J.: 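I am attaching a structure below and will ask some questions about it afterwards.
What's counted below: heavy atoms across the whole structure, side chains too, no hydrogens, waters or symmetry copies. Everything numeric here is computed off the predicted structure, so don't read it as measured data.
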Amino acid sequence: MPIPVLATIVAATVAVAILLRCARWLPQAQPGSRSLHAKPLSRVGGLAIAAGIAAGVPGWGPLAGVASESAWIFAVASLAVAAVSLVDDWRGTGAAARLAVHGCAALAVASTFPLDPVSIAATTVAIVWMANLFNFMDGNDGLAAIAAVCGFAAYAAAANASGANAVPYACIALAALPFLVVNLPPARIFMGDVGAVTLGFAAATLGIAGVVGGAWPAWLPPLAFVTLICDATATLVARALRGERVWQAHKLHYYQRVNQMGAGHRGTLALYAALSAGSAATAIACIVASPRSGWLALAAWIALIALLFATIDYHWRRRTIR
């Protein structure tokens, strides 16, 4: 086993044990009308993921699509996102301040790519959205963590298939595993912004970097995380069309509705884990056997998820009418 991988697993596991031991002194996520949980739990479990990643970083080697002179920009930008997210977990910060940090960090990374100004702006928006949508999807036990494991595993497989360095992506996937064990229903600790936002930021920046660097095709990052992207994006668009305040917390994501309609945390996790694992496996199969089929596979998965969402909408309307 490569040393960075071993260091990641050990550090993440030890950090999880420490966080559980110190739970009473950590900030608590309180249950409320917009929460799917009935009791308060510590909400900075993402620190264990960060610890695992940090332990492996010295042995990572090159990142696909990231020049050595730009690697520090990725590191500083990720650290800034993690820092403001931790502050928000601990004592709260304004949305404007958080988005400002997310935007500056995303722009710093996007500016390292050989893109025109319009493409840099679009890339910046995509990174900020991915960072935040990952956080939006962290409301059901285990859901965001298993999506991270599957998605970054797909990145690692794609990097390996192209001859690029797969260690960084494997380390991120493995860093989430010890946390996932204690986040499975019933969760003993929550990921929090420090984990979810940072993972979303990494998924976007490293995914785009891999495309720019030729490690994988442009269809791979969205296919690896298609379930989270579709749920968060469809929910935001639908709320905007209804004239709702999209920045306010709610319980109208598709996964939240599945939970409320009787699936609970376990049933919802089983459904979304199957979707995440299936889309990641499809991405790996395409990258290994038929890269030209990637766009078709992505379209097929979007269609499948759209059908699922339409079914959820139907049953949700029947439930609310009653």
Side-chain angles (χ1 to χ4, degrees), residues 2 5 60-67 110 113-115 119 122-123 126-127 129-130 133-134 137 143-177 180 199-234 254-255 270-311:
V5 171
W60 272 12
L63 291 166
V66 181
F113 301 138
L115 303 172
S119 297
T123 299
I127 294 172
W129 175 233
M130 188 67 182
L133 77 81
F134 222 99
M137 298 298 291
L143 196 154
I146 203 161
V149 172
C150 294
F152 283 103
Y155 282 10
N160 184 67
S162 69
N165 179 22
V167 171
Y169 319 105
C171 283
I172 297 175
L174 291 170
L177 272 180
L180 174 61
L199 283 172
F201 186 82
T205 54
L206 297 181
I208 294 170
V211 173
V212 173
W216 46 69
W219 52 260
L220 186 125
L223 180 54
F225 294 98
V226 67
T227 306
L228 269 63
I229 294 171
C230 286
D231 192 319
T233 303
Y254 285 95
Y255 78 89
L271 172 62
Y272 274 72
L275 293 171
S276 294
S279 62
T282 301
I284 295 171
C286 287
I287 205 73
V288 171
S290 181
R292 292 184 179 180
S293 302
W295 288 112
L296 180 61
L298 176 59
W301 269 98
I302 292 174
L304 174 64
I305 292 171
L307 179 60
L308 172 64
F309 288 176
T311 303

J.: Within the structure provided, determine whether Y155 and P221 are in side-chain contact (heavy-atom separation under 4.5 Å).
T.: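 SC-SC contact between Y155 and P221 confirmed.
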J.: Answer whether the closest heavy-atom distance between the side chains of F201 and F134 falls below 4.5 Å.
T.: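 Side-chain contact under 4.5 Å: no.
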J.: Taking all non-hydrogen atoms of both residues, which atom of C286 and which atom of A297 are closest, and how far apart?
T.: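 Where C286 meets A297 most closely, the heavy atoms are SG-CB, 3.8 Å.
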J.: Any non-hydrogen side-chain atom of L220 less than 4.5 Å from a side-chain atom of P291?
T.: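 L220 vs P291: side chains apart.
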J.: State the CD1-CG distance between I229 and L133, to the nearest 0.5 angstrom.
T.: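 That separation rounds to 6.5 Å.
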J.: Is there a side-chain contact between F113 and S119 in this structure, where contact means two heavy atoms from C-beta onward sitting under 4.5 Å apart?
T.: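 Answer no - side chains too far apart.
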J.: Quick one: are Y169 and L206 in side-chain contact, heavy atoms under 4.5 Å?
T.: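 The answer is yes; the side chains approach within 4.5 Å.
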J.: Return the minimal non-hydrogen interatomic distance between S276 and L228, and the atom names on each side.
T.: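 Minimum heavy-atom contact is OG-CD1, 4.5 Å.
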J.: Can you see which heavy atom on I287 is nearest to which on A161, and at what distance?
T.: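 Here I287 and A161 meet closest at CG2-CB, 4.4 Å.
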J.: Sub-3.5 Å donor-acceptor pair from the side chain of W60 to the main-chain atoms of N165, do we have one?
T.: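 Such a contact is absent between W60 side chain and N165 backbone.
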J.: Could you report the tightest heavy-atom contact between Y254 and A234, atom names first, then the distance?
T.: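 Y254 and A234 have their closest heavy atoms at CE1-CB, 4.1 Å.
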J.: Is any side-chain heavy atom of D231 closer than 4.5 Å to a side-chain heavy atom of F309?
T.: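 Yes, their side chains come closer than 4.5 Å.
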J.: Just by distance, do the side chain of Y255 and the backbone of Y272 share a donor-acceptor pair under 3.5 Å?
T.: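 Looks like no, no N/O pair under 3.5 Å.
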J.: For the CG atom of L180 and the CG atom of L143, what is their distance to the nearest 0.5 Å?
T.: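 Nearest 0.5 Å value for the CG-CG distance: 10.5 Å.
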J.: Please examine the side chains of P217 and V211, heavy atoms only from C-beta on, and report whether any two atoms are closer than 4.5 Å.
T.: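 Contact flag for V211/P217 side chains = no.
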J.: Quick one: side chain to side chain donor-acceptor pair (under 3.5 Å) pairs with a partner in residues 293-308, sequence neighbours left out?
T.: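 Sorted result for residues 293-308: T282-W301, S290-S293.
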J.: What are the two closest heavy atoms between A273 and I146, and how far apart are they?
T.: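 That would be CB-CD1, 3.7 Å.
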J.: Taking the side chain as everything from C-beta on, heavy atoms only, tell me whether T205 gets closer than 4.5 Å to M130.
T.: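 The answer is no; the side chains never approach within 4.5 Å.
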J.: Working to the nearest 0.5 Å, report the span between CD1 of I127 and CD1 of I208.
T.: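 If I round to the nearest 0.5 Å, the distance is 4.5 Å.
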J.: Of the non-hydrogen atoms in V66 and A209, which two are nearest, and what is the gap between them?
T.: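 The answer is CG2-CB, 3.8 Å.
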